[in-house]
Amino acid sequence: MVRMPPIATPTTLSGTERRTAAPPWLVMLVVCAGQFLVVLDVSVVNVALPAMRTGLGLSELGLQWIVNAYVITFAGFMLLGGRAADLFGRKRIFVVGLMLFTIASLAGGLAQQPWQLIAARTIQGVGAAVLSPATLTILTTSFPTGPARTKAIATWTAVGAGGGAVGGLVGGVLTEYLSWRWVLLINVPVGALVLVGAVVWLIESRQGSGRRLDVPGAVLATGGLGLVAYGIVQTETDGWVSASALLPLAAGLVVIGAFIAVEARAKAPLMPLGLFRLRSVSSANAAMVLSGAAMFSMWYFLSLYTQNVLAYTPLEAGLSFIPHSLSIVLGSKIAPRLMNRLGAKSLAVTGAVISASGMVWQGTMDANGTYLGTILGPGILMALGAGLTATPVASIATSGADPADQGLVSGLINTSRQMGGALGLSVLSTVAASRIAGGHGGAGLADGYGLAFQVGSVVLLGSIALMVLALPRRRADVGHG
């Protein structure tokens with residue numbers, strides 16, 4: 001789930017701007033509606049995936065790109081979007097991002113070929129990456145420091161969590177009663193209304209800094225991740241030693257190497273490499289990549305299992321995920337209080353252990369599974385653990401950074417989570433497909449999905465080991481290796 005883009009330095013508004021500004025609640029409504037759309041689209045398509053596959057003839061492995069095309073571009077361009085908002089104006093970038101997101105949603109809803117849908121999801125991700133950081137910076141520049149801003153940011157956070165939580169239910173309702181196309185088309189009228197509100201009610205602000213946009217960095221990071229993910233997918237059909245797998249893998253690693261070289265020399269790098277000298281930043285981001293790789297795919301495989309194996313309708317599948325959604329929200333809400341008692345590191349490890357136990361349990365699924373015996377219990381554990389883990393890991397990542405870098409580090413931890421999720425989905429989908437290919441019918445599908453959860457639990461155990469060994473325990477430890 002997407003949480004916190006980089007927070008830019010607040011901008012002081014002129015007297016004229018104060019007089020012409022819309023009421024705060026209207027600004028809040030417009031900004032939170034934009035954030036809700038962005039976060040919703042990370043999860044809303046999951047329940048619609050089987051219907052998309054039937055409608056467009058997508059392959060089992062190709063199906064993942066409906067999710068990954070959005071997540072990879074979202075993660076790769078998020079930091080760039082935040083800087084663009086600072087330089088060119090928060091309102092202007094909000095409007096541009098929303099227009100791009102809405103047009104891509106229309107194109108995806110009308111797609112007639114798989115490549116058209118994947119291309120639309122890619123552009124959607126770019127639009128989301130441009131839009132999302134602007135939503136928070138608009139709030140921080142529209143509300144004065146103190147209780148009003150704190151309440152505004154809390155509302156923004158709750159809306160984001162709600163968007164991710166209700167995605168499965170919204171997707172199920174739209175797919176069941178309209179069509180899978182409406183999980184994308186619904187963004188068009190809503191986006192148009194928000195766009196009008198943004199033009200009328202938002203006022204322009206910018207940081208006025210001389211920083212440059214690191215466009216090459218964003219393109220290289222996104223391209224490298226996409227090539228690696230594509231190479232992993234190709235290993236299932238052609239093998240690890242095939243040219244169709246090795247060439248994109250090698251090209252992806254070269255592009256990622258070029259990204260590191262560009263960041264090391266850039267005057268205003270997208271990802272300042274010096275930050276990773278801090279133990280808190282490097283260890284927390286590494287742990288987030290691994291935990292994201294394991295946890296992100298949970299909704300994807302559960303959606304396929306409930307519909308392809310247990311024959312749930314899209315609506316039934318969406319309803320079945322309500323306890324999971326409530327659990328992840330609950331975990332996120334109680335995490336700050338538990339951090340005060342247990343400490344951030346202990347809570348992160350505890351949450352990951354809870355989630356890993358749920359993944360091991362979920363890995364026992366079979367073709368004769370039931371909701372109470374196969375989905376509810378392990379799903380609650382996985383989701384609760386995910387909610388408990390994310391907040392303390394993010395807290396550790398930001399605790400050792402300079403105050404001027406807090407927003408950037410917050411953006412980095414979320415980028416790590418999304419990129420880890422994209423690579424994890426590629427790997428686990430390939431693992432599941434290899435088992436499915438050797439099975440028959442529903443039993444083969446259940447075995448494949450179960451294996452994905454089992455391998456995911458192993459990846460999460462790796463994250464737990466990293467947390468135990470590398471995360472600083474006390475604030476005094478932060479920044480010292």
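- Thr73 places a side-chain N or O within 3.5 Å of a backbone atom of Tyr70 that can act as its donor or acceptor partner.
- Counting only distance, with no hydrogens or angles, the side chain of Ser463 and the backbone of Ala287 share a donor-acceptor pair below 3.5 Å.
- The heavy-atom pair separating Leu310 from Ala367 by the smallest distance is CD2-O, 4.1 Å.
- Under the 3.5 Å distance criterion, the side-chain polar atoms of Ser355 are left unmatched by any main-chain donor or acceptor of Gly351.
- Using the six-membered ring where Trp is involved, Tyr230 and Trp65 have ring planes that are tilted, between 30° and 60° apart.
- Between Leu319 and Leu169, the closest side-chain pair of non-hydrogen atoms falls below 4.5 Å.
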(message) Using the rule given for side chain to side chain contact (heavy atoms under 4.5 Å, CB included), can you reason through Asp41 versus Leu184, listing the C-alpha separation, both sets of side-chain angles and the distance that settles it, and then say yes or no?
(response) CA-CA 8 Å; Asp41 263 63; Leu184 299 172; 3.9 Å; yes
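- A 4.5 Å side-chain heavy-atom check between Leu249 and Val228 finds at least one atom pair inside the cut-off.
- The CE atom of Met298 sits 13.0 Å away from the CG atom of Leu425 when rounded to the nearest 0.5 Å.
- Using modelled atom types, no side-chain atom of Gln362 and backbone atom of Pro378 make a donor-acceptor pair closer than 3.5 Å.
- Under a 3.5 Å cut-off, the side chain of Asn68 and the backbone N or O of Gln64 do not form any donor-acceptor pair.
- Put simply, the side chain of Val183 does not reach to within 4.5 Å of the side chain of Val170, judged on heavy atoms.
- With hydrogens and angles ignored, the 3.5 Å screen pairs a side-chain donor or acceptor of Tyr305 with a backbone N or O of Asp366.
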(request) Evaluate side chain to side chain contact (heavy atoms under 4.5 Å, CB included) for Tyr300 paired with Leu428, printing each intermediate quantity in order. (result) CA-CA 10 Å; Tyr300 178 86; Leu428 296 180; over 6 Å; no
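- Using a 4.5 Å heavy-atom cutoff, the side chains of Met365 and Val309 are not in contact.
- Between Val71 and Ala422, the shortest heavy-atom distance links the atoms CG1-CB, 4.2 Å.
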(request) Take Leu49 and Val67 through the side chain to side chain contact (heavy atoms under 4.5 Å, CB included) test and state the conclusion after the steps. (result) CA-CA 9 Å; Leu49 289 172; Val67 178; 4.3 Å; yes
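- Nearest approach of Gln418 to Ala75, heavy atoms of both residues: CB-CB, 3.4 Å.
- Judged by distance alone, the side chain of Thr122 and the main-chain N or O of Ile118 form a donor-acceptor pair under 3.5 Å.
- Across every non-hydrogen atom of Ala48 and Thr175, the tightest pair is CB-OG1, 3.4 Å.
- Summarising the geometry, atom OG belonging to Ser429 is positioned 10.5 Å from atom CD1 belonging to Ile232; distances are rounded to the nearest 0.5 Å.
- Note that the CE atom of Met288 and the OG atom of Ser416 stand 8.0 Å from one another [nearest 0.5 Å].
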(request) I would like to know whether Thr306 and Glu316 meet side chain to side chain contact (heavy atoms under 4.5 Å, CB included); could you show each step before the answer? (result) CA-CA 9 Å; Thr306 54; Glu316 290 171 339; over 6 Å; no
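- Between Trp299 and Phe321, the ring planes are perpendicular. Angles over 60° get that label, and only those under 30° would be called parallel.
- Inter-residue side-chain proximity for Val289 and Asn285 is flagged as unmet; no heavy-atom pair is nearer than 4.5 Å.
- With contacts defined as side-chain heavy-atom distances shorter than 4.5 Å, the pair Arg121/Val45 qualifies.
- Residues Leu302 and Phe453 form a side-chain contact, since some pair of their non-hydrogen atoms from C-beta on lies under 4.5 Å apart.
- In this structure, Val393 and Thr389 have side chains that are in contact, with non-hydrogen atoms separated by less than 4.5 Å.
- When all heavy atoms of Val47 and Gln307 are compared, the closest pair comes out as O-NE2, 2.7 Å.
- Taken to the nearest 0.5 Å, the CG atom of Leu388 stands 5.0 Å off from the CD1 atom of Ile334.
- Arg53 CZ to Leu304 CG: the interatomic distance, rounded to the nearest 0.5 Å, is 8.5 Å.
- Ala352 and Ile464 make their closest contact through CB-CG1, 3.5 Å (heavy atoms, listed as atom of the first residue, atom of the second, distance).
- At distances below 3.5 Å, not a single donor-acceptor pair connects side-chain atoms of Ser132 with backbone N or O atoms of Ala129.
- In terms of modelled atom types and a separation under 3.5 Å, the side chain of Thr364 and the main chain of Val360 share no donor-acceptor contact.
- Atom-to-atom distance recorded for Leu471:CG and Leu466:CG is 6.5 Å, nearest 0.5 angstrom.
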